[in-house]
2 protein chains.
Amino acid sequence: MSTEYSGGGDLTFSLKVMWGGREKPTRGPRPGLSVERIVEAAIRVADSEGLAALSMRRIATELGVGTMSLYRYVPGKNELVDLMLDAAYGEGLEPGRTPEQEAEALRGKGWRAGLEEIARGSWALHLRHPWILQVSQARPVLGPSSIKGLEIALRVLDGIGLDEFEMMKMITLVDGYVTGTARIIVEAGQAAKQTGVSDEQFWQAQEPFMTRLLDDARFTTLRRVADAGVFADVSGADPSAGDDGFEFGLQRVLDGIEAYVTAGREAR
Amino acid sequence: MSTEYSGGGDLTFSLKVMWGGREKPTRGPRPGLSVERIVEAAIRVADSEGLAALSMRRIATELGVGTMSLYRYVPGKNELVDLMLDAAYGEGLEPGRTPEQEAEALRGKGWRAGLEEIARGSWALHLRHPWILQVSQARPVLGPSSIKGLEIALRVLDGIGLDEFEMMKMITLVDGYVTGTARIIVEAGQAAKQTGVSDEQFWQAQEPFMTRLLDDARFTTLRRVADAGVFADVSGADPSAGDDGFEFGLQRVLDGIEAYVTAGREAR
DNA sequence: CATAACTTCGTACACCGTACCCAGTAAGGG
DNA sequence: CCCTTACTGGGTACGGTGTACGAAGTTATG
């Protein structure tokens, strides 16, 4: 079992569906399903049972249809995942509002507050849909939602003294930080379900090795950190415990960006 | 097909193998294989063909043995992935040197240079073994290599005015940035192989949608960025193109950390 | 009303991880 | 010495996956 790949199949089909460029059939029986309903069901399954449980048979059962019926609407599983991604990305966006309006609202309190809000939105999105992190975004199929999100982020950073390359790099930086941290924190919550190994079993198995380790003279710093209680809440059940770490790191990242922005401004 | 999970199976077995706590059999035929050889072959396959191609049958073929023979040495695929991870993490570490020695060498030019080097090492590791990014590190099985790496990183940050929690947060921050960015950049290079869609095909399929998009008044900023050539090298073949973006972001992250460290020092 | 276009979906195939089992091999105890 | 015991090798089989193919039913159009 390996990671899903985005953009792996009939690309033109996915793009047409996402941008609304497919024509309705006139003849034949009325379609009993729709791409939207399939995508919705698939997201529901992935949210609650994880991407591992997302099979075409499972989705068909969820919708009460035959497995192969899905292939009348979606060319394959790869394309379905593409559509799931774009649907998820679109959740935070008001469909009626233009990127300009969204960006203006975000920039009300300055670019830093705007970027902060974007990062928090992305963080929350990954908490809601942990399966996104398991889909390789290598060459993301550019759907309307991701494009819209990119335009908004660019507008937030526009006019503060960065050139186009720098703007894009900053967005990559924040995105990299958010998704990287989300992977570490979010997946921990899912691990028990996915692996069938409970948190207790997991730490119990590691414990003898850990205690022996902490007495080792080579790992004195680790021991001090462990004694301070840094790992105490790792096995804890509080899912929002990761939020503190996220916020802390986010501020450091934004500090780094701000230092660059102000330095560039002074140089002018 | 969904992401591999680390720590999914017989945990104690993986831990014993990693920490060298398994006894040799006395009776019976000599083992024709070894865990090390299997792990090595598995990494070879994953490196060259991707995690998707890593099946027990494939590994067995690689080694010229029957598929089920592998199960004499490894309880299952999950455990094998655990071992692959620890083996990969161990690559950058000199086996003979203690964490103290490694950390001292890194700290020679200050904590920032040390952290920088750790980040670059991790970046290079992910370039060498892209499959690592496809393995969920939710609850990483703590092997000697990852523990050693953590101890080294902690020592690099020790004594510069951060408390234990802050030290750990900084490490999470840098790790999150490195892996997050690596995912974005590294996987792009693998996408063509994995999906069977060439780069040309991919961008050709998206082009009509993109050009229509760029004429849209709602996406003027995106258009300006595209015209500046920011996306020009995305489809390019140069794999080291991502290095610039990585280095740029890394410096911003380190700036953010440095600002926090010096602010804390002044407060004292 | 025949036809063409469209739907639903059962069957089948190649792949996966791996449980089970049996045959072959080598050391230890008598 | 040989028999028991522990071990290795690996064939077969089972239940899962994505999906190609094709048969059967439904509906608008010429």
Side-chain angles (χ1 to χ4, degrees), chain A residues 1-6 8-10 13 22-35 37-38 42 45-46 49-84 134-135 194-196, chain B residues 1-6 8-10 13 22-35 37-38 42 45-46 49-84 134-135 194-196:
Chain A
M1 300 188 255
S2 45
T3 309
E4 302 287 343
Y5 273 87
S6 171
D10 189 342
F13 180 93
R22 68 193 198 286
E23 58 277 1
K24 278 179 195 161
T26 56
R27 307 223 258 214
R30 289 285 142 70
L33 250 50
S34 68
V35 176
R37 276 191 63 204
I38 295 176
V45 171
E49 299 167 42
L51 200 64
L54 188 79
S55 72
M56 298 304 269
R57 286 168 174 84
R58 178 72 188 78
I59 300 167
T61 312
E62 184 82 6
L63 290 165
V65 299
T67 308
M68 293 314 291
S69 301
L70 302 177
Y71 287 88
R72 285 286 129 197
Y73 302 87
V74 169
K77 204 189 175 188
N78 281 328
E79 291 77 4
L80 178 55
V81 174
D82 285 339
L83 296 171
M84 288 169 67
Q134 296 173 20
V135 180
Q194 305 287 353
T195 60
Chain B
M1 300 186 259
S2 42
T3 308
E4 301 289 341
Y5 273 87
S6 171
D10 189 342
F13 180 92
R22 67 194 200 286
E23 58 278 2
K24 278 179 193 162
T26 55
R27 304 221 243 191
R30 290 282 145 71
L33 250 50
S34 68
V35 177
R37 275 191 62 202
I38 295 176
V45 171
E49 298 168 41
L51 199 66
L54 188 79
S55 72
M56 298 304 269
R57 284 169 175 84
R58 177 72 189 76
I59 299 168
T61 312
E62 185 80 6
L63 290 166
V65 299
T67 308
M68 293 314 291
S69 300
L70 302 177
Y71 287 88
R72 290 280 144 202
Y73 302 86
V74 169
K77 203 189 176 188
N78 281 327
E79 290 76 7
L80 178 54
V81 173
D82 286 339
L83 297 171
M84 288 170 66
Q134 296 173 22
V135 179
Q194 304 288 354
T195 61

[X] [atom1] to [N] [atom2]: how many Å, rounded?
{"X": "Leu51(A)", "N": "dG18(D)", "atom1": "CG", "atom2": "P", "value": "10 Å"}
{"X": "Leu54(B)", "N": "dC15(C)", "atom1": "CG", "atom2": "P", "value": "17 Å"}
{"X": "Leu70(A)", "N": "dT7(C)", "atom1": "CG", "atom2": "C1'", "value": "13 Å"}
{"X": "Arg58(A)", "N": "dG16(D)", "atom1": "CZ", "atom2": "P", "value": "14 Å"}

(message) Distance check, rounded to the nearest 0.5 Å: Leu63(B) atom CG versus Leu70(B) atom CG?
(response) 6.5 Å

(request) To the nearest 0.5 angstrom, please state how far the CZ atom of Arg57(B) sits from the CE atom of Met68(B). (result) 9.0 Å

(request) Give the minimum heavy-atom separation between Ala53(B) and Val45(B), together with the two atoms involved. (result) O-CG1, 4.1 Å

(request) Using salt bridge (charged side-chain N to carboxylate O under 4.0 Å, His left out) as the criterion, list what pairs up with Arg37(B), not counting sequence neighbours. (result) none

(request) Using salt bridge (charged side-chain N to carboxylate O under 4.0 Å, His left out) as the criterion, list what pairs up with Arg58(A), not counting sequence neighbours. (result) Glu49(A), Glu62(A)

(message) Any non-hydrogen side-chain atom of Val135(B) less than 4.5 Å from a side-chain atom of Met84(B)?
(response) no

(message) I'd like to check Ile38(B) versus Leu83(B) (side-chain heavy atoms, cut-off strictly below 4.5 Å). Are they in contact?
(response) no

(request) Please check if the side chain of Tyr73(A) supplies one atom and the backbone of Leu33(A) the other of a donor-acceptor pair under 3.5 Å. (result) yes

Check the interface with nucleotides 18-22 of chain C: list each N/O to N/O pair with the protein under 3.5 Å, or write none.
{"residue": "dT18(C)", "atom": "OP2", "partner": "Tyr71(B)", "partner atom": "OH", "Å": "3.0"}
{"residue": "dT18(C)", "atom": "OP2", "partner": "Lys77(B)", "partner atom": "N", "Å": "2.9"}
{"residue": "dT18(C)", "atom": "O4", "partner": "Arg57(B)", "partner atom": "NH2", "Å": "3.2"}

(request) For Ser69(A), report the nucleic acid contact type (base, sugar-phosphate, nothing); a contact means any heavy atom under 4.0 Å. (result) base

If you restrict it to nitrogen or oxygen atoms, what contacts under 3.5 Å exist between nucleotides 23-29 of chain C and the protein, and what is each distance?
{"residue": "dA27(C)", "atom": "OP1", "partner": "Arg30(B)", "partner atom": "NH2", "Å": "3.1"}
{"residue": "dG28(C)", "atom": "O4'", "partner": "Arg27(B)", "partner atom": "NH1", "Å": "3.3"}

(message) If the cut-off is 4.0 Å, is Tyr73(B) near the phosphate of dT8(D), judged by side-chain N/O to OP1 or OP2?
(response) no

